[in-house]
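Everything on this sheet refers to the single structure shown next.
None of these values were measured; they are calculated from a predicted model. Order of the sequence lines sets the chain letters (A, B, ...), proteins ahead of strands, with each chain counted from 1. Just so you know, these numbers use all the heavy atoms, side chains as well, and skip hydrogens, waters and symmetry mates.
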2 protein chains.
Amino acid sequence: MPRRTPSEPSLPESELDVLRILWDRGQGTVREVLQVAKEAGLPWSYATVATLLDRLEAKGMVASDRSELAFLYRPTIDAQEVRRKRVNHLVEKLYEGEPGLLVMHLLKTHSLDPEQAKQVRSLLDGLAAETKTSRPPR
Amino acid sequence: MPRRTPSEPSLPESELDVLRILWDRGQGTVREVLQVAKEAGLPWSYATVATLLDRLEAKGMVASDRSELAFLYRPTIDAQEVRRKRVNHLVEKLYEGEPGLLVMHLLKTHSLDPEQAKQVRSLLDGLAAETKTSRPPR
DNA sequence: GACGTTGTGCGACACTTGTCTTAGGATACA
DNA sequence: TGTATCCTAAGACAAGTGTCGCACAACGTC
């Protein structure tokens, strides 16, 4: 009846929002994060941001430097890591575990600008080559 | 202080799990869904599944045929719709609104099998062509 | 050193999500 | 028809999330 304890800490939307702000600026105080959040249209109060940062710190996703009056928070997990997890989860749950399906969905639904298209193509070529020489891609 | 009412109904993980089962089989009773869920390793009880289906119905995401003893549930939103939303959200929140970045992430991180690679390539070519003739991609 | 300003600490509260229990109606069958 | 089954209805309840309020400490300044 209670919910099973997750092995990994969760990362709810609002916490992700503040994390994104920290990733962007490298670090920030409560007030600074609040400022950016407001500009981004989030209707948060000071206390809300403080709570979110607290919770993130409790989960070890940010660390704080408390030597100054206003604590300075800094992310301790990187965006890439979070992206990886989210993408994997998405692929698992909605693309039958087939990243290729997601790629195709993306290409069908959104048009890449030529520059990106080129990059994608060369990436594709690179991988094909690696596959031939049986070296696993990075 | 209360949370603002979301314009769209949410779709929590566990509800998505039962939805996926329904997408898979087209329809199902509580017991059938439970059965599949168990096989997939979910430790749910009968009542849990019933609750989840109730909630989904309340949100209009499934409909039920109540003419038989055991209600028959059927999804009323399709997987593609949910995929679209999730992908957009992911791109917004973690890929700066740039689908291309996600595509590249996927290609770098996972190797497509040759068949898919081929498909991707031709998709890419198709889109390039369409762009040239200034027709918006689908 | 009193006062306004800015910070943190701590708690609070409603709504959501994950999970079940239990009562009571229908069905099936000995 | 009595009894075991299976179903749905209605709650219940804990933990997670979204959002603060407020008391109290530090600081800056006249």
ask   = Could a donor-acceptor pair under 3.5 angstrom be found where the side chain of Arg55(A) meets the base of dG16(D)?
value = no
message = Would the base of dC7(D) count as contacting Thr29(B) through its side chain, where contact means a donor and an acceptor less than 3.5 Å apart?
response = no
From [atom1] of [X] over to [atom2] of [N], roughly how many Å is that when rounded to an integer?
X	N	atom1	atom2	value
Glu68(B)	dC7(D)	CD	P	13 Å
Leu34(B)	dT8(D)	CG	C1'	15 Å
Leu56(B)	dT19(C)	CG	C1'	15 Å
Arg4(B)	dT16(C)	CZ	P	14 Å

query = When rounded to the nearest 0.5 angstrom, what distance separates CZ in Arg83(B) from CG in Leu102(A)?
reply = 10.0 Å
Proximal nucleotide (of dA9(D), dG7(C), dG11(C)) relative to the Thr51(A) side chain = dG11(C)
ask   = For the side chain of Lys59(B), counting heavy atoms from C-beta on, which of dT19(C), dT17(D), dT17(C) is nearest?
value = dT17(C)
inquiry  = For a quick check of understanding: with a heavy-atom distance under 4.0 Å over all strands, which category does Ala47(A) fall into, base, sugar-phosphate or nothing?
reply    = base
[N] OP1/OP2 closer than 4.0 Å to side-chain N/O of [X]:
X	N	result
Ser45(B)	dC20(C)	yes
Ser10(A)	dT17(D)	yes
Tyr46(A)	dG7(C)	yes
Ser14(B)	dG18(C)	yes
Thr48(A)	dG18(D)	no

message = Which is more 5' along DNA chain C, the nucleotide nearest Arg3(A) or the one nearest Phe71(A)? Just name the residue.
response = Phe71(A)
request  = List the atom of Glu57(A), the atom of Ser64(A), and the distance in Å for their closest heavy-atom pair.
outcome  = OE2-OG, 2.7 Å
